[in-house]
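In this text, all values refer to a predicted model and were calculated from it rather than measured experimentally. Any value given below was found using the heavy atoms of this structure, including those in side chains, with hydrogens, waters and symmetry copies removed.
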Amino acid sequence: MFLSRLHIFVPKFTMRLFWTLILIVLYNGYSSEGVNSTLSARPKVVNIGCMLSFNTLVGKITKIAAEAAVEDINANPDVLGGTKLNMITLDSNASGFLGIVEAIHFMETDTMAIVGPQSSVIAHVVSNIANELQVPLLSFAATDPSLSSLQYPFFVRTSPSDKFQMEAIAEMVEYYEWREVIAIYIDDDFGRNGIAALADQLAKRRCSISYKAAMKPGATLDDARDVLVQVALRESRIMVVHTYPTKGLEIFSMARYLGMIDKGYVWIATNWLSTILDAGSPLSSDEKENLEGAITLRIHTPGSELKQRFVSQWSNLTRKAGVTGSSGMSTYALYAYDTVWLLARAINEFLNQGGNVSFSKDPRLTELNSGSMNLDSMSIFNGGKLLRDNIFKVNMTGVTGPFSFTSNKELFRPTFEVINVVGTGFRKVGYWSEYSGLSIVPPETLYSKPANRSSSNQQLHSMIWPGQITEKPRGWVFPNNGRQLKIGVPNRASFREFVGKVAGVDSFRGYCIEVFTTAIDLLPYAVPYKLVAFGDGHNNPDDTELIRLITAGVYDAAIGDIAITTNRTKMVDFTQPYIESGLVVVAPVKEQNSNAWAFLSPFTPRMWCVTGVFFLIVGTVIWILEHRLNDDFRGPPSKQIVTVLWFSFSTLFTAQRENTVSTFGRIVLLIWLFVVLIINSSYTASLTSILTVQRLSSPITGIESLVNTKEPIGYQLGSFARNYLIQELRIDESRLIPLNLPEDYAKALKDGPSRGGVAAVVDERAYMELFLSTRCQFSILGQEFTKNGWGFAFPRDSPLAVDMSTAILKLSENGELQRIHDKWLSGIACTSQNTKLEVDRLQLKSFSGLFFLCGLACFLALLIYFVMLACQYCQYYPNSEVASESSRSGRLQTFLSFADEKEESVRSRSKQRQLEVTSVRSIDQDASVNGSRNDRSEIYSNRVVSFGESV
């Protein structure tokens, strides 16, 4: 029995030994990735590190939260399946060097992951060590956006990146319609990269950072004062402060000392300020005054039972930790708590997957002769990649709300609260989320609705700004740095009524100059400026080149007779146009005298022909409608033709002697008399104009006829008209002749193409109206074929352009702009005020509607008339009698005879026929009584003979 059992046991033992060896081989091949395929026992303890700065406000409160999380996790065996967390906490003292030392220390103690560091600067350094040793680094306070780059694969940010905070600030800047901000920041990785993110977000909204006020990390109050003095000299009044809590309070204190916490300023602080308000000691009265009207952001964490329970335990936790004084709780404490829980869940999943908590030597460190540094004691965490991947896969609900990561390793749907510091406290004025933008309701209530980022849907409650004002600050002032605006002014050689340099002095005069000075006086602030001549005064300068010099920084603005064109608006911003001035064609005109046939001029030949034809048509229609009823329209053919002609043309004077008796005839005549009235009135007005007003004529009628010719065309030197004619109208450049002075215009137009002149000049209407005011032998031909205006040019996104536009509109509304125009441009008037170009003849299309109505009335009247005539014909000539006619021509002749016959005669004959039918019926009755058919026939024959004789 024993042997049999032994034989059975040996094969089983051999098989178990075989599978054990296989598993060992598989373990050795897979353990390098940190995964143990065996179901080995879970470790009793796993080590994690926590790197904080204990002497900072954030470090104190987050250390308490992290330790509370470890305690709660270890108290619940279901979280890690009986495994305990051992968190080793070290103080980096906000030092990059100490951070490196601590990281090395962690790597000597088989640490699976590190919570922290607190500083972005330290995170940059420690992340390189984490990459080498494959230890995940989970930071809830290192918010530098550049840490999310592919350079740091083992860095895990467990709070919203500054990228989203800067996007929220940029949307607020856009919401309040500001264009430029000043960034005040600490010049380290945290400050530089945060402000770089702000610049990117502002650029997406056509805004910018006008000045970057960088401060060294260890800046003193004197350093802060020097920086803020430079800031006060700048144009923008929108300040964005991105720094650390203690340094931020110093900046606000110095700003108040310099008078910068006052009306007109806007101070936006990143979430360092909300951290102080939430977790710091109560602020002194001076500190509260320093922060009056400031705006800050706070990470939004929706309310929940978990959060409420944790908040209610906070005072006990701080007391247990031995923290003295007031220590509130900020969102960083919540994220620190959730970060430890996130790591615990990831470790649990790591262990469930067979992850092996093992470490191996780094061969590169082993080969390095480290001497007394003992670098070879640091080990690579074999399961680092698996643990990191599990961290990004965790989807949980913590005290901060839903907690998960997106595909780009950022927290899902980051949100912020917008806080306004007011009086002794602060108030929430709205929210910002990546999903819905600015809103006044919690973002989580909007997730169920379609995303709406339109500008009309962005909302915030009213703000209390510095200086205790509620009106939105303009956001900029003229820079108080003693520098005057350098404004370029075209030094023109012609048309100095618009812009002209005063001889012997460095000043300008003219219409454009007075508009500018009057408008700038309306601004609510002083604008020091200096007008600088552009051009030599002998030739008109190129305005486009003047605009280009603004973009090059040579001039701060440009004023004068500068036309607003598409190409120029791509380089600068223009104000509201203060005068309309499009391109027109000016050419010589000749006086046209009246002749013997002037009375035919009002109508075109086609109009005359159609009018005559309608006279005949209407006369004929009236004759047809009246012929069977009215004796005036009957008689011999010659008389009827004369009647038609007489009646037709006498309607022109409403002196026709024939009366109309038919209803349709009267309707047609009434409509025709209305048409005649309109034609007569139009003819009279046009003929009066021709005979009484002096008329001018020219072979050129407008830009179309000028383009179709091959004649030379003049234009003003330096004007945009040249490029327009070449690029838009495709006129050959050889046809264009530049002209400089009004005298050059007049000479070239008088000489004409035959003597080296031009056929016409193309220039802006404002110039041409001034030119023509004393030169009546020329005139504007055709319509203005472009719509331009003149404006003042400023650099792109200049707020001064907006304020000047408002001032120009005020000048237009109060009539001051017209007064300036009349002062400079309404002096001498040409004596040809009653002169005009040859008037256009009245065209047929102007009266086509009247002719259509009249023709339609004639057609409908004739149609109804012939239908009634046919019915009458069928009634008076029964089918039996019509059928007796053998030929079609006979039937037609009968119908025409019927139509020509007077209606009264037809009715009389119809009555006689009815009497005949009555007599025949009485004879039939008599015959039936006598019973004799022959007698009836004889009597009938006698009746027929008797009727024929009577006819």
I'd like to know if the side chain of [X] and the backbone of [Y] have a donor-acceptor N/O pair within less than 3.5 Å.
| X | Y | answer |
| --- | --- | --- |
| T111 | A113 | no |
| W178 | M172 | no |
| R237 | K263 | no |
| S139 | P117 | yes |
| T62 | V58 | yes |
| S433 | S436 | yes |
| N420 | V429 | no |
| D189 | S120 | no |
| K385 | Q134 | no |
| R157 | D144 | yes |

Heavy-atom distance under 4.5 Å between the side chains of [X] and [Y], does that happen here?
| X | Y | answer |
| --- | --- | --- |
| Q118 | M51 | no |
| Q459 | V441 | no |
| I419 | R427 | no |
| I550 | P795 | yes |
| I391 | L342 | yes |
| I195 | K212 | yes |
| D797 | S208 | no |
| Y431 | E417 | yes |

Atom of [X], atom of [Y] and distance for their closest heavy-atom approach:
| X | Y | result |
| --- | --- | --- |
| I122 | S92 | CD1-OG, 3.6 Å |
| G259 | Y265 | O-CE1, 4.1 Å |
| G384 | P136 | O-CG, 3.9 Å |

Would you check if there is a donor-acceptor pair between the side chains of [Y] and [X] at a distance under 3.5 Å?
| X | Y | answer |
| --- | --- | --- |
| T575 | S805 | no |
| S454 | N457 | no |
| T301 | K307 | yes |
| N408 | T406 | yes |
| H242 | Q165 | no |
| N452 | Y435 | no |

Please report the interatomic distance [atom1]([X]) to [atom2]([Y]), rounded to the nearest 0.5 Å.
| X | Y | atom1 | atom2 | answer |
| --- | --- | --- | --- | --- |
| D286 | N290 | CG | CG | 6.5 Å |
| T270 | I169 | OG1 | CD1 | 6.0 Å |
| R474 | Y525 | CZ | OH | 5.0 Å |
| I209 | Y185 | CD1 | OH | 8.0 Å |
| D278 | T331 | CG | OG1 | 7.0 Å |
| L233 | Y211 | CG | OH | 9.0 Å |

Kindly assign one of parallel, tilted or perpendicular to the pair Y335 and F403, based on the angle between their ring planes and the thresholds 30° and 60°. tilted
Students often mix this up, so state it plainly: with edges at 30° and 60°, are the rings of Y152 and H124 parallel, tilted or perpendicular? perpendicular
Out of the candidates K163, K409, E410, only one should pair with S148 under the side chain to side chain donor-acceptor pair (under 3.5 Å) rule; please name it. E410
Can we call the ring centroids of [X] and [Y] under 6.0 Å apart?
| X | Y | value |
| --- | --- | --- |
| W272 | F190 | no |
| Y337 | F310 | yes |
| F416 | F164 | no |

NZ/NE/NH1/NH2 to OD/OE distance under 4.0 Å, R413 and E434: no
Are D573 and R796 close enough for a salt bridge, meaning some N to O gap below 4.0 Å? yes
side-chain contact (heavy atoms from CB on, under 4.5 Å) evaluation trace for M239 with V231: CA-CA 9 Å; M239 311 298 171; V231 167; 3.4 Å; yes
side-chain contact (heavy atoms from CB on, under 4.5 Å) between I487 and K530, intermediate numbers included: CA-CA 6 Å; I487 301 178; K530 180 181 180 181; over 6 Å; no
When you measure from the centre of the six-membered ring of F54, is the NZ or CZ of K63 closer than 6.0 Å and no more than 45° off the axis? yes
